[in-house]
J.: 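Here it is: the structure, laid out below.
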There are 2 protein chains.
Amino acid sequence: MEFKLSRIGKMTFHSRTPSGHDVIVDTNRDFGGNESAATPMELVIVALMGCTAMDVASILEKMKVEGYEMEISAKSEKSSEHPKQYTWIELTFSFEGDSLPEEKIRKAVDLSQEKYCSVSAMLKKSTDLSYRILVGNEEI
Amino acid sequence: MEFKLSRIGKMTFHSRTPSGHDVIVDTNRDFGGNESAATPMELVIVALMGCTAMDVASILEKMKVEGYEMEISAKSEKSSEHPKQYTWIELTFSFEGDSLPEEKIRKAVDLSQEKYCSVSAMLKKSTDLSYRILVGNEEI
């Protein structure tokens, strides 16, 4: 169960994950890249959003909450000095649907962010990770 | 410059990064996924490998080291308890080529791992991150 990564361009790399999927990473032209794929630091935030989204969907299913749409957005800032890590990341969870149970939605997001989401748990140790929840454009 | 993520399947999500690239995440059937793409936790390690690979390629270019092939592999273990974060990650940097300058290669990898790689810097705060360097199958 190993990850492999090899070079397919100046700053373009192909990786194969243990689950057998291919992921390409690339970077900005300023850094010699070809801008053909997401950057490594972008993948960190995609991983974060994907991880918490799966938790929330799974918890809401257990709570029998249905008929909602969920979108997650993220804003962030990086340090200007090396290593250029994220100094903060803010996630916004947006739910749309009729008569959504706000309390259950808050509980599901809190459980993911405070207990289950592995990527959040890892990133919290190095960055200021915060989140907001919107239900039909109203912050709850 | 926002990241967006939306649901395209039970546990399948589509994200769009600020650089305009699409990344799909999915998960194992055991967790209700469709196994159509890398998992969020896999993307964390892909990000790590991609980040350090770009650094090393860039530093070796500045050092005028040419004519090498580099592959990176990674092994890891996750906690069995929630949140199931990585307890350790080991990277192996493998170089192939004729008469490669081992000292420069070591310096380039050390600089990435100790100074430049943003993903490594973030992950080190939450996991035991180690690395090995092989030049033509010999550990240096």
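What you see below is based on every heavy atom in this structure, not just the backbone, and it leaves out hydrogens, waters and symmetry mates. Here is how names work: the chains are called A, B, and so on, in the same order as the sequence lines, proteins then strands, and each is numbered from 1. Predicted model, so just to flag it, every value in this text is computed and none were measured.
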J.: Test side chain to side chain contact (heavy atoms under 4.5 Å, CB included) on A:Gln85 and B:Lys125 and set out the steps.
T.: CA-CA 12 Å; A:Gln85 2 183 359; B:Lys125 302 257 170 68; 3.9 Å; yes

J.: With the side chain counted from C-beta on, respond yes when B:Leu5 and A:Glu71 share a heavy-atom pair under 4.5 Å apart, and no when they do not.
T.: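 SC-SC contact between B:Leu5 and A:Glu71 ruled out.
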
J.: Hydrophobic clustering (ILVMFWY, side-chain heavy atoms < 4.5 Å, transitive) - are A:Leu111 and A:Leu91 grouped together?
T.: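 Yes, because A:Leu91 and A:Leu111 connect within a single hydrophobic cluster, where side-chain heavy atoms sit under 4.5 Å apart.
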
J.: Given a strict heavy-atom distance threshold of 4.5 Å, which part of B:His82 is in contact with chain A: side chain, backbone, both, or neither?
T.: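 Both parts, backbone and side chain.
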
J.: I'd like to verify something: which residue of B:Asp22, B:Ile45, B:Thr127, B:Thr27 has the highest number of heavy-atom pairs under 4.5 Å with chain A?
T.: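 Option with the greatest count: B:Ile45.
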
J.: Rounded to the nearest 0.5 Å, what separates atom CZ in A:Phe31 from atom CG in B:Asp55?
T.: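 With rounding to 0.5 Å, CZ (A:Phe31) is 5.5 Å from CG (B:Asp55).
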
J.: Assigning hydrophobic clusters by single linkage (Ile, Leu, Val, Met, Phe, Trp, Tyr; side-chain heavy-atom cutoff under 4.5 Å), is A:Ile89 placed with A:Leu134?
T.: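 No; A:Leu134 is not reachable from A:Ile89 via cluster members.
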
J.: Any idea which of A:Lys115, A:Lys78, A:Glu81, A:Lys124 has the most non-hydrogen atom pairs under 4.5 angstrom with chain B?
T.: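 Looking at each option in turn, the highest pair count goes to A:Lys115.
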
J.: Flag the one option from B:Glu114, B:Met122, B:Glu2, B:Lys4 with the top tally of heavy-atom pairs under 4.5 Å to chain A.
T.: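 If we count pairs closer than 4.5 Å to chain A, B:Met122 comes out on top.
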
J.: Examine whether an atom of B:Ser15 lies under 4.5 Å from a heavy atom of chain A, and if so say whether it belongs to the side chain, the backbone or both; otherwise answer neither.
T.: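 Just the side chain, heavy atoms under 4.5 Å.
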
J.: Using a cut-off of under 4.5 Å on heavy-atom pairs, state which of A:Met54, A:Arg7, A:Met49 scores highest against chain B.
T.: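 Greatest number of close heavy-atom pairs with chain B: A:Met54.
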
J.: Who among A:Pro18, A:Ala37, A:Gly33, A:Ala53 has the most heavy-atom pairs with chain B under 4.5 Å?
T.: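 Winner by heavy-atom pair count: A:Ala37.
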
J.: Tell me, do B:Phe13 and A:Met70 make a side-chain contact under 4.5 Å, heavy atoms counted?
T.: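 Yes - at least one pair of side-chain heavy atoms lies under 4.5 Å apart.
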
J.: Give a yes or no on whether B:Tyr68 and B:Val56 share a hydrophobic cluster (residues Ile, Leu, Val, Met, Phe, Trp, Tyr; joining criterion: side-chain heavy atoms under 4.5 Å apart).
T.: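 Same cluster: B:Tyr68 reaches B:Val56 through Ile, Leu, Val, Met, Phe, Trp or Tyr contacts under 4.5 Å.
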
J.: If we ignore hydrogens and angles and just use 3.5 Å, is the side chain of A:His21 paired with the main-chain N or O of B:Glu35 as donor and acceptor?
T.: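 At least one qualifying donor-acceptor pair exists.
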
J.: If you apply the rule side chain to side chain contact (heavy atoms under 4.5 Å, CB included), what do you find for B:Val46 with A:Thr17, and how did you get there?
T.: CA-CA 8 Å; B:Val46 171; A:Thr17 71; 3.8 Å; yes

J.: Cluster question for you: counting only ILVMFWY and a side-chain heavy-atom cut-off of under 4.5 Å, with indirect links fine, are B:Ile140 and B:Leu100 together?
T.: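 Yes; tracing contacts between hydrophobic side chains, which count when under 4.5 Å, links both residues.
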
J.: Mind checking whether A:Leu43 and B:Val23 have side chains closer than 4.5 Å, heavy atoms only?
T.: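 When only atoms from C-beta onward are counted, B:Val23 and A:Leu43 do touch, with a gap below 4.5 Å.
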
J.: Examine whether an atom of B:Tyr116 lies under 4.5 Å from a heavy atom of chain A, and if so say whether it belongs to the side chain, the backbone or both; otherwise answer neither.
T.: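 The answer is both parts of B:Tyr116.
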
J.: Nearest 0.5 Å, what's the CE-OG distance between B:Met11 and A:Ser58?
T.: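 Output value for this atom pair is 4.5 Å.
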
J.: Between A:Pro40, A:Ser126, A:Ser76, A:Pro83, which residue shows the highest count of heavy-atom pairs closer than 4.5 Å to chain B?
T.: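 Most heavy-atom pairs within the cutoff with chain B belong to A:Pro40.
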
J.: Can you get from A:Ile24 to B:Ile24 by hopping between Ile, Leu, Val, Met, Phe, Trp and Tyr side chains that sit under 4.5 Å apart?
T.: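 Unlinked, A:Ile24 and B:Ile24 end up in two clusters.
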
J.: For atom NZ of A:Lys75, is the number of surrounding heavy atoms from other residues, nucleotides or ligands below 6.0 Å larger than 12?
T.: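 Atom NZ in A:Lys75 is not crowded, with 12 or fewer foreign heavy atoms closer than 6.0 Å.
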
J.: Taking side chain as everything from C-beta outward and backbone as N, CA, C, O, which of these in A:Asn28 sits under 4.5 Å from a heavy atom of chain B? Side chain, backbone, both or neither.
T.: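 No part of A:Asn28 comes within 4.5 Å of chain B.
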
J.: Sort B:Cys117 into side chain, backbone, both or neither according to what part of it lies under 4.5 angstrom from a heavy atom of chain A.
T.: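 B:Cys117 touches chain A through backbone heavy atoms alone.
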
J.: Please state whether the side chain, the backbone, both or neither of B:Ser36 comes within less than 4.5 Å of a heavy atom of chain A.
T.: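 Interface part for B:Ser36: backbone (N, CA, C, O).
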
J.: Please say whether more than 12 non-hydrogen atoms of neighbouring residues, nucleotides or ligands are located less than 6.0 Å from CD in A:Glu66.
T.: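 Open.
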
J.: Between B:Gly20, B:Ser79, B:Ser6, B:Ala38, which shows the greatest number of heavy-atom pairs under 4.5 Å with chain A?
T.: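 Max contact count across the listed options: B:Ala38.
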
J.: Output the distance between atom CD (A:Glu42) and atom OG (B:Ser19), rounded to the nearest 0.5 Å.
T.: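 If we round to the nearest 0.5 Å, A:Glu42:CD and B:Ser19:OG are 3.5 Å apart.
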
J.: Less than 4.5 Å to any heavy atom of chain A: does that hold for the side chain of B:Tyr86, its backbone, both, or neither?
T.: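 Both parts, heavy atoms under 4.5 Å.
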
J.: Quick one: do A:Glu61 and B:Lys10 make a salt bridge, cutoff under 4.0 Å?
T.: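 Looking at B:Lys10 together with A:Glu61, the answer is yes, because their closest N to O distance falls below 4.0 Å.
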
J.: Kindly compute the distance separating OG (A:Ser73) from CZ (B:Arg16), expressed to the nearest 0.5 Å.
T.: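 With rounding to 0.5 Å, OG (A:Ser73) is 14.5 Å from CZ (B:Arg16).
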
